[in-house]
Amino acid sequence: MNDKWWKSAVIYQIYPRSFQDSNGDGIGDIKGIISRLDYLAKLGIDAIWLSPVCKSPQDDNGYDISDYMDIDPMFGTMDDMIALIEEAKKRNIKIIMDLVLNHSSDEHRWFIEAKKSKDNPYHDYYVWRDGTADTPPNDMGSVFGGPAWEWVPKLNQYYFHQFSVKQPDLNWDNPKVRQELYDMINWWIDKGVGGFRLDVIDQIAKEPDKKITADGPNLHKYIKELTANTFSKADLVTVGEAWSANIERAPLFSNPDGSEFSMVFQFEHICLDQQEGKDKWDLAPFPFVKYKQIMNKWQTQLHDKGWNSLFWDNHDLPRVVSRFGNDKEYRVESAKMLATALHGMQGTPYIFQGEEIGMTNVRYDIEEYDDLEIKNVYKERLAAGYSKEDIMNSIYAKGRDNARTPMQWDSSENAGFTTGKPWLKVNPNFIEINVESQLDDENSIFNYYAKLIRLRKEYDVFINGRFEMYLEDDEDIFAYSRTNDNQKMVVICNFHDKELDMPLKDETAGMKVLLSNYDEASDKLRPYEAIIYIGE
Ligand code: TEU
Ligand code: CA
């Protein structure tokens with residue numbers, strides 16, 4: 001099962017507008033990324049998942065594309081993009097593009113045409129329904145709040161948008177739409193990209209009349225057709241973002257026969273710290289034992305049947321160390337522990353920019369946030385009678401801008417991100433938490449991540465070992481083994497700040513410590529301690 005390069009790869013996600021600005025306009029750009037490639041090579045990553053850089057009015061920070069075959073001037077030019085692909089290649093790093101195929105921007109030329117008239121050739125590129133000004137086709141809502149239907153008086157029709165009103169859904173039932181998208185993807189493949197991440201791909205086969213969004217009846221038919229016409233022609237990595245994927249359907253998305261994607265990117269473990277049946281803003285404590293059950297299920301049941309992505313955070317999620325670790329007195333220990341727990345499992349690990357230095361969540365005034373989702377939930381919940389304090393607490397915990405504050409490179413003004421005014425305020429803790437202070441510190445979070453990545457390349461068992469969990473009901477410890485034909489690895493992680501008796505001594509007797517986040521050995525499992533043992 002080690003045949004595919006992406007199984008032993010580590011993928012680093014860049015959110016371009018927040019990574020590195022090169023021209024002082026306060027917005028990260030492609031030239032900025034190029035200037036930091038040596039840093040990423042030092043970390044040891046194999047590929048960069050680049051959040052969208054295509055032309056976009058930036059209503060949803062690039063996830064609303066108005067031209068799939070051009071680069072947004074804010075990020076640079078097509079020449080810059082080609083240079084990025086080439087410069088990355090020199091360092092053995094592949095570039096993974098973010099494909100947003102469920103919807104386009106309302107400023108895409110297809111949509112501009114589509115709304116001109118019902119018999120315009122592009123009309124059927126989108127999802128329209130008749131109705132009257134005050135009666136939408138049904139009561140479906142958009143992910144970002146408000147209705148999923150937008151009235152266009154000139155046509156006496158509504159168009160469907162699962163996300164913002166500036167993100168009209170593409171009509172995948174129209175073969176012309178599918179063909180246009182395949183042509184565009186093949187054009188990118190010819191430019192030398194290493195793969196694609198497919199945004200909300202489980203939502204393309206929507207059937208709004210039946211109120212179906214994710215996982216529509218035609219979904220896997222469309223994905224198979226997409227892959228056969230594009231990705232299957234080259235040795236690419238493809239990652240399907242699928243909020244609806246469960247363990248039964250994940251083997252389809254990531255079928256080892258290559259008919260769909262290389263791997264699935266699913267969220268079951270991410271939706272645990274919210275109240276049952278409500279949404280992410282309705283906070284609940286993290287149910288640790290439940291989390292372990294979910295990991296155990298995915299690790300054991302997908303083994304040999306598909307391939308999973310391993311991640312704690314991304315540009316839509318809070319910072320891992322603030323969410324599942326301790327961003328105060330044990331920030332360094334808990335960041336390393338969380339990395340260990342994740343990288344030890346089977347699947348392809350993702351590192352979201354800044355995670356490798358332990359960047360944390362922020363608490364800003366509402367005016368200081370930028371994300372449309374934060375602004376919408378604030379308005380909606382205020383109108384619904386929630387207290388401001390309540391709403392802000394939800395935003396501090398779950399707001400997407402937690403992940404989007406500029407990368408903290410050094411302790412100079414604006415953390416070395418820009419010489420201008422950053423588009424989103426820099427986290428004030430950049431003086432303490434930044435790349436520069438960690439590069440030469442052997443014990444830094446950065447160097448711990450670099451070690452983890454190196455070990456993954458050295459020991460096959462990280463890639464193909466069978467997973468077995470220990471101590472299922474333990475409220476503090478996540479521990480498991482990975483075993484292949486010639487090696488066994490045991491991973492022990494303390495998820496809390498309690499000091500515990502060292503568990504599993506019989507299991508680990510005679511094994512050697514491969515990695516640990518504390519200096520000296522001890523009989524106790526210290527707060528947020530993580531150890532990887534290796535043996536035969
Ligand atoms: O995210 C899919 C998605 O459903 C999330 O937006 C999530 O539900 C949201 O963060 C609410 O908490 C993808 C992208 O990752 C996201 O950035 C885009 O906004 C979205 O698709 C639309 O393209
Ligand atoms: Ca810039």
Side-chain angles (χ1 to χ4, degrees), residues 13 15-35 49-54 56 58-65 71-77 80 98-106 141-145 148 161-170 197-204 206 213-215 239-245 265-267 270-271 273-274 278-282 309 311 313-318 350 352 370-377 394-395 397-404 406-407 414 417-424:
Q13 185 191 353
Y15 196 64
R17 61 162 56 222
S18 304
F19 194 61
Q20 177 67 66
D21 179 22
S22 73
N23 61 355
D25 67 355
I27 305 169
D29 45 53
I30 296 173
K31 283 206 169 92
I33 298 172
I34 296 176
S35 74
W49 153 19
L50 195 61
S51 276
V53 289
C54 289
S56 160
Q58 304 289 330
D59 179 56
D60 186 19
N61 291 358
Y63 285 91
D64 47 319
I65 295 176
I71 299 297
D72 197 279
M74 190 175 102
F75 294 126
T77 63
D80 294 338
D98 206 325
L99 280 177
V100 189
L101 306 180
N102 175 68
H103 44 269
S104 74
S105 161
D106 64 338
S142 101
V143 172
F144 296 143
H161 60 93
Q162 299 188 61
F163 294 90
S164 98
V165 64
K166 287 185 66 63
Q167 294 167 300
D169 269 62
L170 284 162
R197 176 260 186 186
L198 293 107
D199 191 62
V200 292
I201 199 68
D202 58 334
Q203 292 173 220
I204 55 171
K206 52 252 162 183
T213 52
D215 210 33
V239 188
E241 188 202 23
W243 284 76
S244 72
F265 199 96
Q266 56 77 30
F267 295 84
I270 287 299
C271 303
D273 53 351
Q274 67 192 46
K278 300 233 185 133
D279 67 31
K280 71 175 193 181
W281 307 110
D282 301 299
S309 310
F311 68 97
D313 47 15
N314 69 19
H315 65 292
D316 294 332
L317 302 172
Y350 287 71
F352 177 67
D370 172 89
D371 180 26
L372 85 168
E373 189 188 43
I374 292 181
K375 291 179 179 161
N376 285 347
V377 74
S394 297
I395 293 172
K398 296 288 181 67
R400 303 196 294 182
D401 281 343
N402 282 310
R404 300 176 179 186
M407 182 69 184
N414 297 319
F417 163 69
T418 180
T419 54
K421 185 179 178 316
W423 72 276
L424 179 66

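One-based numbering, in listed order, for ligands and for the atoms of each. Heavy-atom basis, side chains included; hydrogens, waters and symmetry copies ignored.
Here the heavy atom of the protein found nearest to atom 9 (C) of ligand 1 is Glu373 OE2, 3.7 Å. For atom 8 (O) of ligand 1, the nearest protein heavy atom (residue, atom name, distance) is Val143 CG1, 3.7 Å. In terms of protein heavy atoms, atom 2 (C) of ligand 1 is closest to Val200 CG1, 3.1 Å. Looking from atom 6 (O) of ligand 1 to the surrounding protein, the closest heavy atom is Arg400 NH1, 3.6 Å. Nearest protein heavy-atom contact of atom 17 (O) of ligand 1 is Asp316 OD1, 2.7 Å. Looking at atom 3 (C) of ligand 1, its nearest protein heavy atom turns out to be Trp243 NE1, 3.5 Å. For atom 19 (O) of ligand 1, the nearest non-hydrogen atom of the protein is Asp60 OD2, 2.5 Å.
Listed by chain and number, the residues in a side-chain contact (heavy atoms from CB on, under 4.5 Å) with Val377 are Trp281, Arg381, Ile395 (sequence neighbours excluded). For Gln266, there are no side-chain hydrogen bond (donor to acceptor under 3.5 Å, both in side chains) partners, not counting sequence neighbours. For Ser105, the side-chain hydrogen bond (donor to acceptor under 3.5 Å, both in side chains) criterion is met by no residue, not counting sequence neighbours.
The closest side-chain donor-acceptor pair between Ser244 and Asp215, if any, does not fall under 3.5 angstrom. Counting only N and O atoms by type, the side chains of Gln13 and Arg197 include no donor and acceptor under 3.5 Å apart. With no hydrogens or angles considered, a side-chain donor-acceptor pair links Asp29 and Ser22 at under 3.5 Å. For the 3.5 Å distance criterion, the side chains of Ser164 and Asp59 qualify, holding a donor opposite an acceptor. Side-chain N/O atoms of Trp49 and Asp98 include a donor and acceptor closer than 3.5 Å.
Under a 4.0 Å criterion applied to the non-hydrogen atoms of Phe144, ligand 1 contributes the atoms 19 (O). Taking every heavy atom of His315 and a limit of under 4.0 angstrom, the matching atoms of ligand 1 come to 14 (C), 15 (O), 16 (C), 17 (O). Each of the following atoms of ligand 1 lies closer than 4.0 Å to a heavy atom of His103: 22 (C), 23 (O). For ligand 1, the atoms sitting less than 4.0 Å from at least one non-hydrogen atom of Lys280 are 11 (C), 12 (O), numbered in the order shown with element in parentheses.
Between Phe267 and Phe311, the ring-plane angle classifies as perpendicular under the 30° and 60° cut-offs. Note on ring orientation: taking the six-membered ring where Trp is involved, the planes of His315 and Tyr63 are parallel (angle under 30°, cut-offs 30° and 60°).
Ion pairing of Asp316 with Arg404 is present here, as a side-chain N (NZ or NE/NH1/NH2) and a carboxylate O approach within less than 4.0 Å. Taking a cutoff of 4.0 Å between a charged side-chain nitrogen and a carboxylate oxygen, Arg400 and Asp371 qualify as a salt bridge.
Screening the protein for N, O or S atoms under 3.0 Å from the Ca ion (ligand 2) yields 5; no waters enter the count.
Residue contacts with ligand 1: Glu241 is included, with a non-hydrogen atom under 4.0 Å away. The closest approach between any non-hydrogen atom of Gln162 and ligand 1 is not below 4.0 Å.
Among His103, His161, Gln203, Gln162, the single residue meeting the side chain to side chain donor-acceptor pair (under 3.5 Å) criterion with Asp169 is Gln162.
For atom 21 (O) of ligand 1, the nearest non-hydrogen atom from the set Asp199, Leu317, Ile270 belongs to Asp199.
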